[in-house]
S.K.: 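Quick one: structure below, then a few questions.
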Amino acid sequence: MANNRGVPLLELDPNGLYCAAGDFYIDPWGSVGRAVVTHAHSDHATPGSQAYLTARDGEAVLRARVGPEVPIQATAYGEELTMGGVRISLHPAGHVLGSAQVRIERGGEVWVVSGDYKLASDPTCAPFEPLRCHVFVTESTFGLPIFRWPDASQVISAIHAWWRANQQLRRASVLFAHPLGKAQRLLACVDPSVGPIYTHGAVERMNHLYREQGIVLAPTTHAAAGSRWDGALIVAPPSCHGTAWERRFGEFSTAFASGWMRIRGTRRRRSLDRGFVISDHADWPGLLRAVEETRADCVWVTHGYRAPLVRWLAEHGQKALAVEAHFEGERDEPVEEAGE
Ligand SMILES: [Zn+2]
Ligand SMILES: [Zn+2]
């Protein structure tokens with residue numbers, strides 16, 4: 001991992017991961033000059049920087065987060081740019097629309113920062129691209145062996161069964177999901193012939209941006225325009241659970257679609273009727289496979305369960321170290337999306 005000037009290509013400073021040779025940050029925590037953003041989730045895309053670089057597919061969703069005026073440079077996946085003394089390119093991470101891994105190269109030395117990623121297929125975004133590199137900076141949101149995801153098609157079938165059972169009881173089905181990414185992935189997979197589908201405003205705003213990019217989702221109606229709820233599926237951010245917004249639906253059943261539903265007790269603690277285990281992050285086997293495919297000399301582990309993954313890698317002969325993260329994984333209840 002040594003390079004021609006003895007200075008690592010990336011280092012951690014108070015604003016996050018910094019590349020001095022190219023003078024940019026990757027997913028900075030504060031306001032910086034130039035931010036390269038892996039994707040538009042709030043734990044990665046912080047407003048307030050002077051300029052942003054993102055993958056073209058993610059430009060509209062990033063714009064929604066950082067505001068209308070800020071300069072955003074959007075690049076195609078795989079397109080190589082030169083910044084200062086480094087070459088930089090963005091490659092699909094398979095996490096949400098426009099999500100990217102950042103590949104940085106200087107003098108034959110390659111570093112890759114994964115951002116959030118998953119290896120499982122998702123009709124709403126480009127599939128994860130394995131990249132070879134010397135240093136791989138991986139997320140580890142679900143970096144524990146208990147996290148193993150069932151096949152997404154099984155989960156969608158279970159959602160259909162729950163929805164139909166609620167219809168027989170003349171109840172609405174309120175499904176909580178992250179409003180950026182998870183909600184759209186579900187809406188791309190559910191069968192709209194089962195019944196009408198309504199959405200919270202935060203979900204509907206993102207649906208609009210996805211559809212503008214040509215992503216096909218089931219037809220949806222903003223819940224503000226609805227009046228009959230029995231038999232309907234309603235997709236909303238988790239922050240709506242237990243609020244007045246939810247109570248308009250009369251008789252209803254609640255469910256949460258998240259990797260966290262894999263943990264026994266989470267559903268009960270949150271007073272949810274059902275939990276569906278579906279995640280836009282790699283599960284434990286996915287993390288291990290992604291790391292292996294990079295053939296990296298060294299792995300930096302950030303975001304989430306860092307220590308268990310570092311320990312496992314070290315025990316299996318892989319040089320690895322934990323790197324601090326400002327936020328730990330997706331916030332299930334994003335404050336900025338609380339409004340209608
Ligand atoms: Zn994310
Ligand atoms: Zn994240």
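Nothing here was measured: the structure is a model prediction, and the numbers come from that model. Positions are given from 1, in the same order as the sequence printed here. We count ligands from 1, going down the list as the structure has it; atoms in each ligand are counted the same way. Values reported hereafter were calculated over all heavy atoms of this structure, with side chains retained and with hydrogens, waters and symmetry mates removed.
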S.K.: I'd like to know if the side chain of Asn166 reaches the main chain of Arg171, judged simply by a donor and an acceptor atom lying under 3.5 Å from each other, with no hydrogens or angles considered.
M.R.: no
S.K.: If I take every N, O or S atom of His44, is at least one of them less than 2.8 Å from the Zn ion (ligand 2)?
M.R.: yes
S.K.: With ring pair (Phe, Tyr, Trp, His ring centres under 6.0 Å) as the test, pick out the partner of His281 among Tyr117, Trp149, Phe142.
M.R.: Phe142
S.K.: Considering just N/O/S atoms, say which atom of Asp43 is closest to the Zn ion (ligand 2).
M.R.: OD2
S.K.: Closest to the Zn ion (ligand 1), which N/O/S atom of Asp116 is it?
M.R.: OD2
S.K.: Side-chain donor-acceptor pair under 3.5 Å between Asp191 and His160, yes or no?
M.R.: no
S.K.: Check all N, O or S atoms of His95 and name the one closest to the Zn ion (ligand 1).
M.R.: NE2
S.K.: Is any side-chain N of the basic residue among Glu139 and Lys118 closer than 4.0 Å to the acidic one's carboxylate O?
M.R.: no
S.K.: Can you find a side-chain donor-acceptor pair between His208 and His222 that sits under 3.5 Å?
M.R.: no
S.K.: Restricting to N, O or S, what is the name of the atom of His41 that lies nearest the Zn ion (ligand 1)?
M.R.: ND1
